[in-house]
Number of protein chains: 2
Amino acid sequence: MRYRRIPDETIKRLPVYLRGAIRLAEESVRRASSKELAEAVGVNPWQIRKDFSYFGGFGTPGVGYDIDKLIRQIRRILRLDVTRRAALVGVGNLGAALLAFPRFALYGLEIAAAFDIDNRKIGTRRGGVVIEDVAGLQTIKQRGIDLGIITVPGGAAQEVADKLVGVGIRGILNFSSRYITVPRTVKVITIDIAMDLARLSYYLPSG
Amino acid sequence: MRYRRIPDETIKRLPVYLRGAIRLAEESVRRASSKELAEAVGVNPWQIRKDFSYFGGFGTPGVGYDIDKLIRQIRRILRLDVTRRAALVGVGNLGAALLAFPRFALYGLEIAAAFDIDNRKIGTRRGGVVIEDVAGLQTIKQRGIDLGIITVPGGAAQEVADKLVGVGIRGILNFSSRYITVPRTVKVITIDIAMDLARLSYYLPSG
DNA sequence: GTTTGTGAATAGTTTCACAGCA
DNA sequence: TGCTGTGAAACTATTCACAAAC
């Protein structure tokens with residue numbers, strides 16, 4: 001395998017493969033060919049093989065992929081072999097739902113702290129964490145947190161992002177309705193649910 | 001403008017432009033150049049101009065883009081000029097949060113019905129709709145609903161997708177942890193929050 | 001002078017086809 | 001024989017540079 005830059009699209013698919021592999025493992029599947037994997041995750045076989053080839057290939061010719069090994073390898077590439085801790089800012093409806101979200105642990109993720117500005121919420125418990133005043137954001141780096149989740153209203157998003165960057169966060173998941181500006185060293189992934197639903201509308205047959 | 005197939009990536013950016021334009025309108029901005037728009041939405045100017053050019057171009061050379069006209073045009077392209085109605089299936093934490101989500105109306109979207117299998121939830125009101133038994137899914141097409149939102153646990157996702165497709169839904173937003181198989185005439189957009197957080201981990205500086 | 005719209009050039013991604021290994 | 005890994009080909013998307021419009 002010669003070195004080539006790894007396509008961003010490949011990185012986007014790795015969690016999809018991980019999710020599929022974990023599910024197969026739960027169903028006690030030990031081995032799968034790229035064709036079988038393809039069926040489980042909805043990506044075609046040659047795409048899967050190509051993606052894995054960027055990392056040297058995980059499979060055995062004539063046999064396929066060992067599911068447990070695959071899970072370990074993808075976890076390692078995504079740096080999820082050690083549990084990643086995230087801080088969530090903004091415990092509204094969506095924020096509270098994420099705090100109660102059961103799926104994070106499966107991927108080696110944990111929401112380890114939650115912050116809000118509402119005094120009525122501060123000090124109360126939600127899904128395993130006690131909600132803190134945003135002033136406490138200062139402390140998150142010492143607490144081993146290196147991901148931020150923004151679930152505040154659009155108007156407050158940039159300010160929160162600045163704070164997160166200020167305390168040394170390098171990765172932000174932004175659920176707010178605003179585009180946020182950060183230094184180039186910080187990676188932002190945006191999830192705007194309303195926007196995705198809006199996009200879906202485009203594909204509908206006219207009428 | 002010669003006809004060319006519209007890139008999928010362009011379609012993905014249209015809601016981003018719409019979101020940015022709506023925000024500028026709220027701030028009473030009447031006109032913006034591609035450069036100003038670029039700053040507001042985080043996409044570079046030539047990309048914006050190219051994207052708009054697929055639809056014939058919306059601007060005036062030497063002047064820029066009229067914000068109100070831009071909003072109308074993008075709404076029309078995304079077929080959001082008439083309010084789109086969606087049915088949500090699975091009123092758990094995430095489902096309930098989406099029912100209370102304020103942002104949909106801005107894009108001409110409305111969650112017009114919610115379904116669950118839990119008798120304790122059925123009949124109760126959440127964010128403007130009364131939760132119905134999933135058996136009632138049969139009726140949604142008559143009620144002018146043509147989008148589906150799946151917020152059920154992974155194990156039930158395919159079954160719900162089949163039901164939605166069975167009653168004539170052509171667009172599905174899938175929040176579940178499973179890849180779902182649908183006929184080619186149906187468009188599925190997947191949002192897996194845990195997966196996106198997992199991907200974010202990859203971009204973190206090692207340590 | 002300013003800013004759009006777009007063909008051409010560049011860059012990036014997917015698909016193919018098959019050599020090579022189990 | 002069956003399946004992986006990968007160079008090369010085909011395709012798709014982004015960036016550039018500038019003519020045309022205001």
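Below, chains carry the letters A, B, ... as their sequence lines are ordered, and counting in each starts from 1.
Atom CZ in B/R5 sits roughly 10 Å away from atom C1' in D/dC11 (whole-Å rounding). Distance, B/D8 CG to D/dC11 C1': 14 Å, rounded to whole Å. Rounding to whole angstrom units, CZ of residue A/F58 and P of D/dT6 are separated by 11 Å. C/dG12 atom C1' lies 14 Å from atom CG of A/D51, rounded to whole Å. A straight line from CG of B/D66 to P of D/dA21 spans 21 Å, rounded to a whole angstrom. Distance CZ (A/R13) to C1' (C/dT13): 8 Å, rounded to an integer number of Å. Atom NZ of A/K69 is separated from atom C1' of D/dT4 by 12 Å (rounded to the nearest Å).
The pair A/E132-A/R143 meets the salt-bridge criterion, with a side-chain N (NZ, NE, NH1 or NH2) lying under 4.0 Å from an Asp/Glu carboxylate O.
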Contact list (N/O, under 3.5 angstrom) for nucleotides 20-22 of chain C vs protein:
residue: C/dA22; atom: O4'; partner: A/P61; partner atom: O; Å: 3.1

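Listed by residue number, B/S33, B/S34, B/R49, B/K50 are the residues of residues 28-50 of chain B with a heavy-atom contact under 4.0 Å to DNA chain C.
Ring pair A/F58/A/F52: centre-to-centre distance below 6.0 Å.
Side-chain proximity of B/E9 to D/dG5, D/dT14, C/dT6: nearest is D/dT14.
Looking at heavy-atom distances under 4.0 Å, B/Y65 makes contact with sugar-phosphate atoms alone, never a base.
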